[in-house]
Undergrad: 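My questions will all concern the structure given below.
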Amino acid sequence: EAQVTQNPRYLITVTGKKLTVTCSQNMNHEYMSWYRQDPGLGLRQIYYSMNVEVTDKGDVPEGYKVSRKEKRNFPLILESPSPNQTSLYFCASSLGFDNEQFFGPGTRLTVL
Amino acid sequence: AQSVTQLGSHVSVSEGALVLLRCNYSSSVPPYLFWYVQYPNQGLQLLLKYTTGATLVKGINGFEAEFKKSETSFHLTKPSAHMSDAAEYFCARLSGGYNKLIFGAGTRLAVHP
């Protein structure tokens, strides 16, 4: 089944404790992206990647890092999480920029 | 600045009634436009998209949207609401740089008996 998977689905952590949210897609898509969803703001892009080893900032990249060492994986790293990063995070992938983006199920992160 | 505006954060309709969710975009050129649906505790699922060509776009689950350049609108409609349509709906456009989707704030649709 074609899908985007994210782990973990739920995470509660404390300020400053490094964490990684994994994202994997099995559709051989070149383009991958991370969004955060906050009430009243819709989804905002954090980082995106056009292919292996090619990444760039989105609208809200502060406090986040990404890497793209393999085509299928695009982890999101929070080196020192803060409470304002409490949010619902989505990974997405697509064949190209103007193609349909397939979304993962989301990761709900709470930073205390 | 490129933006997407969804009028009404909450819409409530009766089962069987018309569903109309409004979306306006700002752009000097026709953009690629999308409607996504998010069911509780799930990711986003594409309902329909407009790229070029026919301005009336049909999507899944009986939804359709019409691209109106003169009004810079892309409203989503469904003739008859079903209880299973209760969800949050997001209008989005592809950015000018084609590197991301720009989302509206979302409209939560409630369907009551």
Side-chain angles (χ1 to χ4, degrees), chain A residues 1-10 21 23-25 27 29-51 54-61 66 74 87-108, chain B residues 1-10 21-27 29-53 57 59-60 65 74 76 87-108:
Chain A
E1 179 189 356
Q3 60 182 349
V4 178
T5 57
Q6 294 179 229
N7 282 293
R9 294 289 312 278
Y10 302 91
V21 183
C23 172
S24 183
Q25 50 94 4
M27 295 169 279
H29 285 168
E30 293 190 348
Y31 178 82
M32 298 186 74
S33 188
W34 276 102
Y35 295 87
R36 61 177 287 173
Q37 181 182 7
D38 300 290
L41 297 177
L43 281 80
R44 294 175 293 167
Q45 190 189 56
I46 303 171
Y47 269 94
Y48 67 96
S49 169
M50 293 178 285
N51 214 323
V54 182
T55 64
D56 205 351
K57 297 177 180 178
D59 292 324
V60 288
V66 293
F74 190 45
S87 188
L88 181 57
Y89 291 86
F90 288 100
C91 180
S93 74
S94 65
L95 200 56
F97 294 143
D98 57 348
N99 294 100
E100 173 186 355
Q101 291 199 23
F102 291 84
F103 284 80
T107 296
R108 186 167 293 281
Chain B
Q2 301 169 9
S3 67
V4 175
T5 303
Q6 292 183 241
L7 187 62
S9 59
H10 290 81
L21 304 182
R22 299 177 189 274
C23 174
N24 289 88
Y25 65 91
S26 66
S27 177
V29 296
Y32 287 10
L33 294 162
F34 305 80
W35 274 101
Y36 282 86
V37 60
Q38 184 181 29
Y39 298 104
N41 299 315
Q42 294 186 28
L44 278 71
Q45 178 183 4
L46 182 69
L47 275 177
L48 49 81
K49 68 177 180 181
Y50 170 79
T51 53
T52 58
V57 181
I60 62 172
F74 191 56
L76 182 71
E88 188 155 23
Y89 293 80
F90 292 93
C91 181
R93 57 160 295 167
L94 204 59
S95 69
Y98 300 105
N99 59 352
K100 66 183 175 188
L101 286 171
I102 299 171
F103 284 86
T107 297
R108 188 169 298 277

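Reminder, nothing fancy here: chain letters follow the sequence lines and each chain counts from 1.
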Undergrad: I'd like to check L88(A) versus Q38(B) (side-chain heavy atoms, cut-off strictly below 4.5 Å). Are they in contact?
TA: yes
Undergrad: Considering residues at least two apart in sequence or located in another chain, which fulfil the side chain to side chain donor-acceptor pair (under 3.5 Å) criterion with S49(A)?
TA: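 R68(A).
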Undergrad: Under the salt bridge (charged side-chain N to carboxylate O under 4.0 Å, His left out) test, which residues partner E88(B), sequence neighbours left out?
TA: R108(B)
Undergrad: For E100(A), is it the side chain, the backbone, both or neither that has a heavy atom under 4.5 Å from a heavy atom of chain B?
TA: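 Both parts, backbone and side chain.
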Undergrad: Looking at residues at least two apart in the chain, or sitting in another chain, which of them share a side chain to side chain donor-acceptor pair (under 3.5 Å) with T107(A)?
TA: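 Counting only residues at least two positions away or on another chain, T107(A) forms a side chain to side chain donor-acceptor pair (under 3.5 Å) with Q6(A).
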Undergrad: Which atom names give the shortest non-hydrogen contact between N41(B) and Y10(A), and what distance separates them?
TA: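 Minimum heavy-atom separation between N41(B) and Y10(A): OD1-OH, 4.3 Å.
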Undergrad: Is it the case that atom CZ in R44(A) sees more than 12 heavy atoms from other parts of the structure closer than 6.0 Å?
TA: yes
Undergrad: In terms of heavy-atom proximity below 4.5 Å to chain B, should Y89(A) be classed as side chain, backbone, both, or neither?
TA: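 Interface part for Y89(A): neither.
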Undergrad: Can you say whether R9(A) sits under 4.5 Å from chain B via the side chain, the backbone, both, or neither, judging by heavy atoms?
TA: side chain
Undergrad: Between NZ of K100(B) and OH of Y47(A), what distance do you get to the nearest 0.5 Å?
TA: 13.0 Å
Undergrad: Chain B contacts: which residues in residues 32-42 of chain A have a non-hydrogen atom closer than 4.5 Å to it?
TA: Y35(A), Q37(A), G40(A), L41(A), G42(A)
Undergrad: To the nearest 0.5 Å, tell me how far S94(A) OG sits from L101(B) CG.
TA: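 So the gap between those two atoms works out to 8.0 Å.
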